[in-house]
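To start, the structure under review is shown below, and the notes come after it.
One-based numbering, in listed order, for ligands and for the atoms of each.
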Amino acid sequence: MDRYAVTGHPIAHSKSPQIHTAFARQTGQDMSYEAILAPLDGFAATVQAFRAGGGLGMNVTVPFKLEAFALADRHTPRAQAAGAVNTLAFGADGILGDNTDGAGLVRDLKINLGREIAGRRVLLLGAGGAVRGVMLPLLGEGPAVLTIANRTVSKAEELVELFMPEAGDVRLSASSFDALAGQQFDIVINATASSLADEVPPLPPGLYADGALAYDMMYGRDDTPFMAAALADGAARVADGLGMLVEQAAESFALWRGVQPDGGAVLADLRRQIGAG
Ligand code: ATR
């Protein structure tokens, strides 16, 4: 049977085995998918051992996405732009590194949430790896405006400089949180780590345009603090990042197997479980 796995540290709570097993069933693919804990100083050895045992591909999660980038022999353009890899495909010609996070976000926004990105005003909060990882696919959708706002403005400015050559007609700019005052956006995406500390980025009020969506890359059983704050500030709709998790997996699956699974059905199942859990 064709073998795949996810590796990270920690890994026990990863939902990837469940998601990929559901995709395999749905598309009739004969494959297995397991979770493998890599020691913090043993990422490359873990990958090589899985590959030597016949593994065909791996997903990579925290904290190894940069090491996975370094380990890959070749990179897709979106992995190159992200500077990080969440998907490895093993072939006769070496290891291909891909990054499906941005495509997963875009698919969740467009397919599961029914949001057009083209021509819209998009605000990204944060300027770390999570933001860099989604920049190229987001720009590729052709929003009218893409603003990166971060607590440390210089980091947002560095990202803008890095991606300006890919911006085309998109009005790409960096901002502090304060300087957002008076502006409005159609989609606001929280990619800061603030939710981990149960905090919310200090945003000025009135950011949400009519019908706007507030999207948190984090997820949990209940609305995140960011989602609650967005609703209080007039966002028409809020969403967490569970759909992005499912859709980045769907993109990895498609890369490996050449078949695009239906993320929506798997997302609905996961949502029911988390709600019941
Ligand atoms: P990731 O890979 O998840 O993006 P990271 O590279 O450590 O992680 O980036 C964390 C991001 O969350 C940064 O944009 C950080 O802002 P700074 O660059 O100013 O540090 C942001 N962040 C973390 N805690 C935050 C908080 N309490 N409020 C607002 N932003 C926060």
What about [X]: any of its N or O atoms under 3.5 Å from an N or O on ligand 1?
X      : result
Ala130 : yes
Ala127 : yes
Gly129 : yes
Thr192 : no
Gly126 : no

Which protein non-hydrogen atom lies closest to [atom], naming both residue and atom, and how far is it?
atom                    : value
atom 17 (P) of ligand 1 : Thr152 OG1, 3.4 Å
atom 12 (O) of ligand 1 : Ala193 N, 2.9 Å
atom 25 (C) of ligand 1 : Arg151 NH1, 3.3 Å
atom 13 (C) of ligand 1 : Asn150 OD1, 3.8 Å
atom 28 (N) of ligand 1 : Ser194 CB, 3.6 Å

Per-atom contacts of ligand 1 with [X], taking only distances under 4.0 Å to non-hydrogen atoms:
X      : answer
Gly128 : 4 (O), 6 (O), 9 (O), 14 (O)
Glu199 : 26 (C), 27 (N)
Lys155 : 17 (P), 18 (O), 20 (O)

Checking the side chain of [X] only, and the main-chain atoms of [Y] only, is there a donor and an acceptor separated by less than 3.5 Å?
X      : Y      : value
Asn99  : Ala84  : yes
Gln248 : Leu105 : no
Arg132 : Ala81  : yes

Any link between Leu124 and Phe163 through a network of hydrophobic side chains (Ile, Leu, Val, Met, Phe, Trp, Tyr) touching at under 4.5 Å?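 In one cluster: yes.
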Contact check, side chains of Arg115 and Lys110, non-hydrogen atoms, under 4.5 Å: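 With C-beta onward as the side chain, the pair stays apart.
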Are any non-hydrogen side-chain atoms of Leu123 and Leu125 less than 4.5 angstrom apart?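 Contact flag for Leu123/Leu125 side chains = yes.
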To the nearest 0.5 Å, tell me how far Arg120 CZ sits from Leu109 CG.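 Answer for the CZ-CG pair, Arg120 versus Leu109, is 12.0 Å.
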Answer yes if a protein heavy atom lies under 4.0 Å from atom 20 (O) of ligand 1, otherwise answer no.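 Looking at atom 20 (O) of ligand 1, one finds that a protein heavy atom does lie closer than 4.0 Å.
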Give the C-alpha distance, both sets of side-chain angles, the deciding distance and a yes or no for side chain to side chain contact (heavy atoms under 4.5 Å, CB included) between Leu203 and Phe226. CA-CA 10 Å; Leu203 300 172; Phe226 171 75; 4.3 Å; yes
Test item, Ala197 contacting ligand 1 (heavy atom, 4.0 angstrom):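 Not so, Ala197 does not reach ligand 1.
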Neighbour count above 12 (heavy atom, 6.0 Å) for Gln260 CD: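 For Gln260, atom CD is crowded (more than 12 foreign heavy atoms under 6.0 Å).
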Go through the steps for Asn59 and Ser16 under the test side chain to side chain donor-acceptor pair (under 3.5 Å), then give the verdict. CA-CA 8 Å; Asn59 283 127; Ser16 292; 4.9 Å; no
